[in-house]
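Presented below is the structure to which this report refers.
Values below: all heavy atoms of this structure, side chains included; hydrogens, waters and symmetry mates excluded. Reminder, nothing fancy here: chain letters follow the sequence lines and each chain counts from 1.
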There are 2 protein chains.
Amino acid sequence: MKKKPTTIKEIARKLRLSPSTVSRALNDHPSIGLVTTMRVKKVAEELNYEPNQTAIFFKQRRTFTIGVILPSLSEPFFSSAISEIENVAADHNYTVLMGQSRDDAARELQIIQTFKKHRVDGILMSLGKNTEDLSFIELLKEAEIPIVFFDCVPKIDGVNKVFSDLSSGMREAIQSFASIGHKNIALINGPEGLLASQERMEAYKLALANEGLVYSDKYMVETDLTEQGNIQAIDRLLALPDRPSAIVSFNDFVTLDVIKHVRQKGLVQKKDIYFISYANYPLWKYMENPPMGSIEQYPDQQARRAADILFQNIEAKEQLAPESIVFKSKLILK
Amino acid sequence: MKKKPTTIKEIARKLRLSPSTVSRALNDHPSIGLVTTMRVKKVAEELNYEPNQTAIFFKQRRTFTIGVILPSLSEPFFSSAISEIENVAADHNYTVLMGQSRDDAARELQIIQTFKKHRVDGILMSLGKNTEDLSFIELLKEAEIPIVFFDCVPKIDGVNKVFSDLSSGMREAIQSFASIGHKNIALINGPEGLLASQERMEAYKLALANEGLVYSDKYMVETDLTEQGNIQAIDRLLALPDRPSAIVSFNDFVTLDVIKHVRQKGLVQKKDIYFISYANYPLWKYMENPPMGSIEQYPDQQARRAADILFQNIEAKEQLAPESIVFKSKLILK
DNA sequence: TTGTAGGCGTTATCAA
DNA sequence: TTGATAACGCCTACAA
């Protein structure tokens with residue numbers, strides 16, 4: 001069904017040269033005479049010759065392709081990451097193969113298999129929320145395909161990872177709240193199962209202690225991150241006899257729902273109640289009444305750094321020691 | 001540097017069989033005995049055999065890969081498109097190669113070349129803002145690589161395209177404004193050079209006429225889409241003796257800047273001044289005081305449809321007649 | 001049921 | 001300076 005593109009052989013036949021000569025001429029090999037080189041290139045041009053990369057990939061055992069596996073391509077965090085990854089890859093003359101796991105571990109494995117079959121030169125990955133089985137890391141190691149994790153990274157040692165330290169931002173958030181007199185500071189956390197939730201919880205407790213505030217269970221509520229869950233969570237807090245005056249929440253989306261809800265209840269932000277959350281989505285800038293702050297995690301910088309490490313590994317002759325890079329999260333006051 | 005993965009030959013040697021037998025056994029060829037097949041598969045498993053796709057691609061002249069070229073991966077419009085494209089591709093057992101043109105025509109061409117060299121089976125593309133030279137379409141046609149454009153599509157005939165009819169949304173917007181008594185309705189348009197701007201302008205004029213309103217040059221201002229440009233544009237309108245009471249703008253980002261600016265000037269939305277713009281970004285839902293409406297262009301549906309058409313073309317034996325699909329844009333009142 | 005041989009397009013090695 | 005040959009890994013028509 002597909003017409004065969006021009007090959008070196010055809011050029012060779014046309015010029016009564018051997019394919020090897022043509023190949024060398026096209027690659028500007030020094031041993032080939034200038035005249036021949038010119039003749040070859042001219043005919044190649046005429047016939048619209050284009051080297052068959054699939055043949056070259058096959059022969060060279062390199063595809064100049066990296067695979068990227070993300071939970072979602074449509075979330076702002078990941079889309080700014082992927083955008084930056086594509087930039088870095090392009091600088092290295094690499095192409096990017098995309099896979100979306102949708103937080104499905106089975107799908108994640110399938111994508112890894114596909115990438116492996118495609119013989120990608122390396123993989124960048126952010127784990128899905130439910131991924132438990134990390135045995136694919138061993139498989140990739142055996143195949144000598146370097147992998148660098150970022151954002152949601154495995155807890156184990158011995159792998160390349162770039163991730164964000166949530167605690168620095170949390171500390172700054174609690175500090176900010178405390179410095180303007182808040183005592184009852186709550187956390188609306190994500191689902192218990194998530195590593196990201198555990199980290200926030202620990203950071204929250206530490207940060208409270210740091211300010212000499214006591215932790216209380218009642219100020220730690222959970223949401224399943226749906227709109228309904230978010231509203232239930234804030235309602236639970238508002239129902240408390242000594243309701244919190246300041247709230248850190250899992251991410252900006254939670255805060256958006258929550259702000260909307262408390263507004264409907266007649267509470268005024270930065271007067272009756274204060275908010276800070278993770279992500280620092282650009283829209284805050286436009287809000288009439290934004291939350292007090294948001295904690296930036298620098299997805300693009302994380303992604304760039306991860307890509308840099310990946311390319312170092314791809315280009316290295318030797319196996320490199322695994323790197324573990326931590327980006328401090330940072331409170332941005334609005 | 002890279003350890004060689006197991007090949008069919010090694011399995012064959014180990015079992016004292018011929019490579020062809022092994023190949024057939026692995027592919028469940030009916031002529032091979034059950035026993036042999038089992039033995040082969042067992043050894044393959046033990047040796048972690050994985051077929052070398054690059055060899056297969058090379059031989060089969062199909063890569064089960066599509067290329068996607070977008071101006072940006074980080075814009076919400078495109079990231080929801082790419083997400084949907086990945087879904088469709090995964091359903092077809094295809095992998096997605098990504099390229100970001102950043103509205104640079106040269107880079108666009110380079111990506112196309114790369115994709116062509118990679119022998120992708122098809123291409124989905126949204127043109128950059130400045131793309132003039134469409135000769136690559138001919139090149140792809142010669143190479144018999146199907147291409148489907150979406151969102152920002154070429155004006156020419158004879159190509160597959162899926163795009164949005166901006167005028168339906170504009171008509172609804174002007175209608176809405178007119179129905180609540182607005183007479184002076186302005187348009188903050190994008191740069192003159194953009195097709196998207198031209199379309200909005202025409203739609204705007206038509207829609208005005210449709211409501212029996214007269215078009216006036218002074219109510220049509222342009223922005224370069226920077227924050228500064230957006231503010232200058234609205235200031236020009238506000239400075240008019242009979243300033244407009246309702247404004248349609250190029251997209252939601254423009255409106256965000258403009259809303260913020262007029263708020264600072266003490267104007268109250270939906271009282272002193274009304275807004276509608278294109279894109280329907282989800283954040284409106286959370287705004288305390290959102291614009292009157294936003295015009296949805298359904299990026300995910302466009303993308304899905306474009307991908308469907310691409311796969312039809314890839315799977316077709318014959319060359320299919322080019323399709324041109326128009327999605328009506330639709331005003332969503334807030 | 002299994003083996004042999006050839007080829008996909010390119011390039012590297014060796015020979016001329 | 002150029003050519004012949006082999007090889008990358010897999011598949012398949014043909015032969016046994």
TODO: Could you tell me if the ring centre of A:Tyr298 sits under 6.0 Å from that of A:Phe327?
DONE: no
Open item on the list: Please tell me if A:Thr21 has a side-chain N or O lying less than 4.0 Å from either OP1 or OP2 of D:dT2.
Closed with: no
Task: Nearest-neighbour nucleotide for the A:Ser20 side chain, D:dC11, D:dT5, D:dT2 considered - done: D:dT5
Open item on the list: Between B:Lys117 and A:Glu50, does any side-chain N to carboxylate O distance fall below 4.0 Å?
Closed with: no
- [ ] May I ask you to evaluate whether B:Ser23 reaches the phosphate of D:dC10, defined as a side-chain N or O under 4.0 Å from OP1 or OP2?
- [x] no
Task: Distance-only donor-acceptor check, side chains A:Glu108 and A:Thr131, under 3.5 Å - done: yes
Open item on the list: What's the closest nucleotide to the side chain of A:Ile56 if the choices are D:dC11, C:dT11, D:dG9?
Closed with: C:dT11
Open item on the list: Check this one for me: any side-chain N or O of A:Asn52 less than 4.0 Å away from OP1 or OP2 of C:dC8?
Closed with: no
Open item on the list: For a salt bridge (charged side-chain N to carboxylate O under 4.0 Å, His left out) check, start with the C-alpha distance between B:Lys14 and B:Glu10, then their side-chain angles and the critical distance, and finish with the verdict.
Closed with: CA-CA 6 Å; B:Lys14 200 145 205 157; B:Glu10 294 170 51; over 6 Å; no
Open item on the list: Could you check whether B:Arg102 and A:Asn87, counting side-chain N and O atoms only, form a donor-acceptor pair closer than 3.5 Å?
Closed with: yes
- [ ] Find the distance A:Met38:CE to D:dT2:P and express it as a whole number of Å.
- [x] 14 Å
Open item on the list: Measure NZ/A:Lys59 against P/C:dA12 and give the value in whole Å, please.
Closed with: 7 Å
TODO: Check whether any side-chain nitrogen or oxygen of A:Arg61 sits under 4.0 Å from OP1 or OP2 of D:dG9, and answer yes or no.
DONE: yes
Task: Nearest-angstrom distance from the residue atom CD1 of A:Ile32 to P of C:dT11 - done: 13 Å
TODO: Give B:Thr7 one of three labels, base, sugar-phosphate or nothing, depending on what nucleic acid heavy atoms sit under 4.0 Å from its own.
DONE: sugar-phosphate
- [ ] Find the distance B:Gln53:CD to D:dC10:P and express it as a whole number of Å.
- [x] 10 Å
Task: A:Glu86/A:Arg304 ion pair, N-O < 4.0 Å - done: no
Open item on the list: Under the criterion of centre distance below 5.5 Å and interplanar angle below 30°, is B:Phe58 classified as stacked on the base of C:dC8?
Closed with: yes
Open item on the list: Given D:dC8, D:dC10, D:dT2, identify the nucleotide with an atom nearest to the side chain of B:Lys9.
Closed with: D:dC8
Open item on the list: Expressed as a whole number of angstroms, how long is the span from A:Phe57:CZ to D:dC10:C1'?
Closed with: 18 Å
Task: Per B:Arg24 side chain, nearest of listed nucleotides D:dT1, D:dC10, C:dG3 - done: C:dG3
Task: Atom-pair distance (CD on B:Glu10; P on D:dG9), nearest Å - done: 8 Å
Open item on the list: Tell me the interatomic distance from B:Asp28, atom CG, to C:dT1, atom P, rounded to whole angstroms.
Closed with: 14 Å
- [ ] Could you state the atom-to-atom distance from CZ of B:Arg16 to P of C:dG3 in whole Å?
- [x] 12 Å
- [ ] Would you classify B:Pro51 as touching base, sugar-phosphate or nothing, given that sugar-phosphate means primed atoms plus P, OP1 and OP2, and contacts are heavy atoms under 4.0 Å?
- [x] sugar-phosphate
Task: Nucleotide nearest B:Leu17 when distance is taken to its side chain, options C:dG9, D:dC10, C:dG3 - done: C:dG3
Open item on the list: Can you tell me if B:Thr36 touches the phosphate of C:dT1, counting only side-chain N or O atoms and a distance under 4.0 Å to OP1 or OP2?
Closed with: no
